[in-house]
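So the structure is just underneath, and the comments pick up after that.
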Amino acid sequence: MRIGVLGTGNMADALATHWVRAGHDVTIGGRDAHKAERLAKRIGGSAKPASLRAAAESGQVVLAALPFGAGVEVARSLHAALEGKALLDCSNPVGPGFRLLTEGGPSAAQQLAAAAPRAHVVKAFNLCHEDVWRMRPPVFDGRSLAVPVCGDNETALMRVRELVRDVGCEPVAGGGLERAGLLEATAALFIALWVGEGADAQAIAPPLAYAAGPSHREGEGGTAAFR
């Protein structure tokens with residue numbers, strides 16, 4: 001697959017490294033040509049540096065590895081080059097105090113879709129620190145990390161699910177793009193728990209067998225909270 005990467009930061013580095021190892025043709029695009037060249041050289045293999053526009057034009061999938069806000073500006077300027085392509089958004093609109101910056105409005109992913117209306121935006125890879133994505137593979141207690149994926153176009157979703165598997169993770173259907181805001185809000189909550197409270201966010205959810213309550217597991221119907 002041909003993958004264009006917009007950005008030269010940690011997420012671009014972590015994800016593109018996996019995809020080059022999986023045999024994909026990756027173009028690293030940056031505003032700063034020297035940073036793009038350094039990152040492409042560090043990743044090695046098929047990775048090559050380019051401008052943001054050339055990276056967008058090159059990819060069947062284009063990763064927007066850009067901070068919230070900057071992605072919209074770049075997508076708007078490159079909307080023609082992004083037409084018909086899967087535009088992968090991994091950003092988190094989280095501000096000071098772990099506040100969700102999009103609260104009450106469209107999600108970061110929906111804002112990206114509005115900036116490039118003929119692209120097929122897919123939300124994924126936003127729930128973990130970049131160092132988790134550097135793992136080969138991200139497996140914890142013998143279980144591969146699950147990655148929720150939200151989007152509306154089946155071809156774009158299929159391609160992103162393949163890229164999730166190439167990182168060593170399992171894609172999980174997260175629904176349409178209208179649900180991307182839930183992923184972003186989840187990230188805001190998790191970051192607040194992990195960083196703000198030093199709490200284990202995994203501990204807030206029961207095992208799947210108990211997700212609807214013990215009585216549901218025993219065949220006696222759901223709990224009041226789900227009725």
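Fair warning: this is a prediction, and the values are worked out from it, not measured in the lab. Just the heavy atoms: all of them, side chains too, but no hydrogens, waters or symmetry mates, feed the values below. All residue numbers refer to positions in the sequence shown, counting from 1.
In this structure, Leu15 CG and Ile43 CD1 are separated by 9.5 Å, a value rounded to the nearest 0.5 Å.
Counting all heavy atoms, side chain and backbone alike, Glu170 lies closest to Val164 at C-CG1, 3.9 Å. Closest approach of Leu177 to Ala113, counting heavy atoms only: CD2-CB, 3.9 Å.
Under the salt bridge (Lys or Arg N to Asp or Glu O under 4.0 Å) criterion, Arg31 pairs with Glu73, not counting sequence neighbours. Phe190 meets the ring-ring contact (aromatic ring centres under 6.0 Å, His included) test with Trp194; sequence neighbours excluded. Residues satisfying the salt bridge (Lys or Arg N to Asp or Glu O under 4.0 Å) criterion with Asp131, sequence neighbours excluded, are Arg134.
By the 4.0 Å N-to-carboxylate-O rule, Arg161 lies close enough to Glu154 to be salt-bridged with it. For Arg2 and Asp25, the salt-bridge test fails: no basic side-chain N is under 4.0 Å from an acidic carboxylate O. Using a cut-off of 4.0 Å between Lys/Arg side-chain N and Asp/Glu carboxylate O, Glu184 and Lys123 are scored as salt-bridged.
A 6.0 Å sphere centred on CD of Glu37 holds no more than 12 heavy atoms belonging to other residues, nucleotides or ligands.
With no hydrogens or angles considered, a side-chain donor-acceptor pair links Asp166 and His24 at under 3.5 Å.
Looking only at distances, no side-chain donor or acceptor of Trp19 sits under 3.5 Å from a matching main-chain atom of Val26. Looking at His18, its side chain does come within 3.5 Å of a backbone N or O of Trp133 through a donor-acceptor pair.
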